[in-house]
Amino acid sequence: MSKLITIKSEELTVEISTLGAELRRIYDTQGTDFLWDGNPEFWTGRAPILFPICGGLKNGKYSYGGKEYQLTKHGFARRSEFETEAIDENSAVFLLKSNAETKASYPFDFEFRVSYELKGRSLSVKYSVTNPSDGEILFSFGSHEAYACPDGIENYVIEFEKEESLDSLCIVDNLLTGEAVPIMKNETTLPLDYKYFEIDALCFKDIKSRKVSLNHKLSDRKTVIEFDDFEYFLLWTKPQAGYLCIELNAGIDDMVGSSYELSKKAGIIRLNGKENFELNHVISFYS
């Protein structure tokens, strides 16, 4: 049975479900909600965590070690019950371990931890994969937080830390086509428009910035995200929905011409036996 875990600072309250270790609500002392509410008219997600892959697989399958496996888009972590490994007033650690069920679709031993820590108006989110075996494991992970834009995304802009020239990788039916569309040229600000999301997400590879913010045009409301070296940066919403997902992903969808070999999938991380790999991002909320 899933439970809601609550952590607090003097300025923010964060609710997290043990199902998927997913953020469910983030609000401040004034009652401002910063996370999408999961309205099923548009999308029931709020902040699903992607593991052991990001994006979709061609025909929903991959091969490893001469065997074929089925794995749904973004992997199984978002639908898995996590253990609450540690908790105090302002932090919590959630753990998902390999088991017979995960091995049916993903034949590796793993320990996947998601750690949350609140300080003031900032929430630190860390993903950590430990390989308890002697052999290698292959994986990707990523974030998918949906930030509330109650008056529509066209009243917001994305502000990049550095000047960016960005082409969006084209995604059709959860597969990369190999094409790209120019979005920004030597700019720091991206005005948001629902037209960008008529087919799928905006998907950028290897952006220079390590900090971005989602800024409301008409008020002081903003969400600032500082992050480690995630390879892919995505923006996504649905037409006329009141949220914007800002995704920091180590991996990405399959290519249209995928060979199905997991080792050749873009963004796949190799981790040797007894090793650990982690990435972190910090989200700060202002209203």
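- Inter-residue side-chain proximity for Leu192 and Val157 is flagged as unmet; no heavy-atom pair is nearer than 4.5 Å.
- For Arg79, the salt bridge (Lys or Arg N to Asp or Glu O under 4.0 Å) criterion is met by no residue, not counting sequence neighbours.
- Among the candidates Phe233, Tyr127, Phe227, Phe141, the single residue satisfying the ring pair (Phe, Tyr, Trp, His ring centres under 6.0 Å) test with His281 is Tyr127.
- Looking only at side-chain heavy atoms (C-beta outward), Val14 and Leu23 come within less than 4.5 Å of each other.
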Show me, pair by pair, the donor-acceptor contacts under 3.5 angstrom made by side chains of residues 2-9, not counting sequence neighbours?
unit_1: Ser2; atom_1: OG; unit_2: Glu81; atom_2: OE1; d: 2.8
unit_1: Ser9; atom_1: OG; unit_2: Glu11; atom_2: N; d: 3.1
unit_1: Ser9; atom_1: OG; unit_2: Leu12; atom_2: N; d: 3.0
unit_1: Ser9; atom_1: OG; unit_2: Gly120; atom_2: O; d: 2.6

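- At most 12 non-hydrogen atoms from other residues, nucleotides or ligands lie less than 6.0 angstrom from NZ of Lys264.
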Atom pairs and distances, side-chain donor-acceptor, residues 69-76, under 3.5 Å, sequence neighbours left out:
unit_1: Lys73; atom_1: NZ; unit_2: Asn174; atom_2: OD1; d: 2.8
unit_1: His74; atom_1: ND1; unit_2: Gly55; atom_2: N; d: 2.8

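- Of the candidates Tyr147, Tyr27, Phe285, Phe285 is the only one forming a ring pair (Phe, Tyr, Trp, His ring centres under 6.0 Å) with Phe34.
- The side-chain hydrogen bond (donor to acceptor under 3.5 Å, both in side chains) search around Asp28 returns Arg121, Ser287, not counting sequence neighbours.
- A donor-acceptor pair shorter than 3.5 Å cannot be found between the side chains of Asn249 and His144.
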**OP:** Could you walk me through whether Glu164 and Thr188 pass the side-chain hydrogen bond (donor to acceptor under 3.5 Å, both in side chains) test, one step at a time?
**Re:** CA-CA 6 Å; Glu164 302 279 0; Thr188 58; over 6 Å; no

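- Linking Ile, Leu, Val, Met, Phe, Trp and Tyr residues whenever their side-chain heavy atoms come within less than 4.5 Å leaves Ile158 and Trp236 in two separate clusters.
- The closest side-chain heavy-atom distance from Ser258 to Leu176 is not below 4.5 Å.
- At least one cation-pi condition fails for Lys238 and Phe42: the charged atom is not both under 6.0 angstrom from the six-membered ring centre and inside a 45 degree cone around its axis.
- Two residues are said to be in side-chain contact when any heavy atoms from C-beta on lie closer than 4.5 Å; Leu218 and His216 meet this criterion.
- Once rounded to the nearest 0.5 Å, the distance linking CD of Glu247 with SG of Cys54 reads 8.5 Å.
- Sorted by first then second residue, the side-chain hydrogen bond (donor to acceptor under 3.5 Å, both in side chains) pairs that include residues 194-206, not counting sequence neighbours, are Lys205-Glu231.
- Of all non-hydrogen atoms in Asp253 and Gly56, the two that sit nearest each other are OD1-N, 2.7 Å.
- The residue from Trp36, Tyr243, Phe197 that alone fulfils the ring pair (Phe, Tyr, Trp, His ring centres under 6.0 Å) condition with Trp43 is Tyr243.
- If you chain together hydrophobic residues whose side chains sit under 4.5 Å apart, Leu244 and Ile49 fall into the same group.
- For Tyr62 and Tyr260, the ring centers sit 6.0 Å or farther from each other.
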Run the side-chain donor-acceptor check on residues 110-118: report pairs under 3.5 Å with partners two or more places apart or on a different chain.
unit_1: Glu111; atom_1: OE1; unit_2: Arg113; atom_2: NH1; d: 3.0
unit_1: Glu111; atom_1: OE1; unit_2: Arg113; atom_2: NH2; d: 3.4
unit_1: Arg113; atom_1: NE; unit_2: Glu85; atom_2: OE1; d: 2.8
unit_1: Arg113; atom_1: NE; unit_2: Glu85; atom_2: OE2; d: 3.4
unit_1: Arg113; atom_1: NH2; unit_2: Glu85; atom_2: OE2; d: 3.0
unit_1: Tyr116; atom_1: OH; unit_2: Ala21; atom_2: O; d: 2.6

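- Between Ile16 and Glu22, the closest side-chain pair of non-hydrogen atoms is not below 4.5 Å.
- We find the CD1-OG1 distance between Ile26 and Thr13 to be 10.5 Å, quoted to the nearest 0.5 Å.
- In this structure, Glu163 CD and Ser209 OG are separated by 10.0 Å, a value rounded to the nearest 0.5 Å.
- Side-chain contact between Ile246 and Ile225: present, with at least one pair of heavy atoms (C-beta onward) separated by less than 4.5 Å.
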